[in-house]
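Since the structure comes first, as structure tokens, the remarks are kept for the end.
Computation of the quantities below employed the complete heavy-atom set of this structure, encompassing side-chain atoms and omitting hydrogens, waters and symmetry-equivalent molecules.
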Amino acid sequence: AKIAIGTEIDPLALPCIADNFAKNGFKTSGAVLGFLDIFREEAHFDVIVCNMIRSELWPLRDDIESRLLPGADLILSGQLAAEKDYILNWFTESGFVIEAEASKEEWWGVHAKRI
């Protein structure tokens with residue numbers, strides 16, 4: 001990636017992000033508070049990665065769809081396996097194709113491509 005930008009919707013998580021970056025040898029995280037709505041309207045992305053439970057993710061679907069370029073990748077983690085069908089139905093309705101899935105215990109993640 002030429003540019004990677006981290007966002008966080010929980011202000012209490014920002015110190016944890018900075019700490020994790022420092023522990024991994026980075027000077028600063030560069031993470032900003034907010035989601036895709038903090039970017040200019042014309043900003044679009046080749047990849048969006050979301051690690052949040054469905055109840056947090058669900059209201060953000062329109063923002064995600066409007067910001068992804070055709071052929072872009074969407075990677076979701078932090079999903080409960082029991083709620084997998086909600087995500088799969090969203091993908092079917094919105095023109096995403098599943099590239100890969102991963103599960104561990106009650107958690108599920110997915111890599112999809114926008115067509």
Side-chain angles (χ1 to χ4, degrees):
K2 292 179 184 176
I3 299 173
I5 303 167
T7 64
E8 177 55 60
I9 63 171
D10 181 357
L12 299 176
L14 290 176
C16 297
I17 293 170
D19 186 48
N20 282 330
F21 268 70
K23 286 179 181 177
N24 286 285
F26 296 96
K27 293 180 182 175
T28 61
S29 71
V32 294
L33 186 60
F35 193 59
L36 298 174
D37 57 335
I38 66 170
F39 298 103
R40 293 179 305 205
E41 205 170 300
E42 62 272 9
H44 292 85
F45 303 96
D46 296 311
V47 179
I48 294 178
V49 179
C50 295
N51 179 40
M52 54 178 63
I53 59 175
R54 189 181 64 85
S55 61
E56 295 171 336
L57 170 70
W58 217 239
L60 305 173
R61 290 175 297 161
D62 288 342
D63 287 339
I64 291 169
E65 289 181 37
S66 70
R67 298 301 185 123
L68 278 173
L69 293 167
D73 295 290
L74 175 60
I75 300 168
L76 303 177
S77 61
Q79 302 301 308
L80 291 170
E83 298 183 343
K84 173 180 174 177
D85 287 342
Y86 291 103
I87 304 294
L88 295 178
N89 289 337
W90 168 37
F91 286 173
T92 298
E93 294 168 1
S94 299
F96 288 94
V97 174
I98 304 294
E99 297 284 315
E101 299 179 55
S103 298
K104 185 174 183 179
E105 298 170 5
E106 74 270 20
W107 298 104
W108 175 73
V110 62
H111 168 205
K113 188 166 286 290
R114 179 110 192 242
I115 53 174

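Taking both residues in full, the closest heavy atoms of F39 and A43 are given as CB-CB, 3.8 Å, listed atom of the first, atom of the second, then distance. Between F21 and T28, the shortest heavy-atom contact is CD2-O, 3.6 Å.
Between S66 atom OG and R61 atom CZ the span is 13.0 Å, to the nearest 0.5 Å. Here the straight-line distance linking atom SG of C50 with atom CD1 of I75 works out to 10.0 Å at 0.5 Å rounding. Note that the CD atom of E41 and the CG atom of L36 stand 12.5 Å from one another [nearest 0.5 Å]. Note that CG of L60 and CD1 of I9 are 6.5 Å apart. Values are rounded to the nearest 0.5 Å. Taken from CZ in R67 to CG in L74, the straight-line distance is 14.5 Å, to the nearest 0.5 Å.
Residues V49 and L33 are members of separate hydrophobic clusters, defined by side-chain heavy-atom contacts under 4.5 angstrom among Ile, Leu, Val, Met, Phe, Trp and Tyr. I48 and M52 fall within a single hydrophobic cluster, where Ile, Leu, Val, Met, Phe, Trp and Tyr side chains are chained together by heavy-atom contacts under 4.5 Å. In terms of hydrophobic clustering, with Ile, Leu, Val, Met, Phe, Trp and Tyr side chains grouped at heavy-atom distances under 4.5 Å, I3 and L69 are assigned to different clusters. By the criterion of side-chain heavy atoms lying less than 4.5 angstrom apart, applied directly or through intervening Ile, Leu, Val, Met, Phe, Trp or Tyr residues, I17 is not grouped with I5; the two fall into different hydrophobic clusters.
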Side-chain atoms of residues 81-89: list all donor-acceptor pairs with protein atoms under 3.5 Å, sequence neighbours left out, distances to 0.1 Å.
| residue | atom | partner | partner atom | Å |
| --- | --- | --- | --- | --- |
| E83 | OE1 | R54 | NE | 3.3 |
| K84 | NZ | E101 | OE1 | 2.9 |
| N89 | ND2 | D85 | O | 3.2 |

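Shown here are the salt bridge (charged side-chain N to carboxylate O under 4.0 Å, His left out) partners of D19, two or more places apart in sequence or in another chain: K23. Under the side chain to side chain contact (heavy atoms under 4.5 Å, CB included) criterion, S94 pairs with E65, W90, F96, not counting sequence neighbours. Listed by chain and number, the residues in a side chain to side chain donor-acceptor pair (under 3.5 Å) with D63 amount to none (sequence neighbours excluded).
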(message) Applying side-chain contact (heavy atoms from CB on, under 4.5 Å) to Q79 and L57, what does each step give before you reach the verdict?
(response) CA-CA 9 Å; Q79 302 301 308; L57 170 70; 3.9 Å; yes
(request) Take T7 and I38 through the side-chain contact (heavy atoms from CB on, under 4.5 Å) test and state the conclusion after the steps. (result) CA-CA 9 Å; T7 64; I38 66 170; 3.9 Å; yes
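Among residue pairs with one or both ends in residues 104-115, those qualifying as salt bridge (charged side-chain N to carboxylate O under 4.0 Å, His left out) are D73-K113; sequence neighbours excluded.
Other members of the cluster containing I53 are L80, W107, with ILVMFWY side chains joined at under 4.5 Å, either directly or via other members.
Looking at heavy atoms from C-beta onward, I98 lies in side-chain contact with F91 at the 4.5 angstrom threshold.
When atom types are taken as modelled, the side chain of H111 and the backbone of L76 share no donor-acceptor pair closer than 3.5 angstrom.
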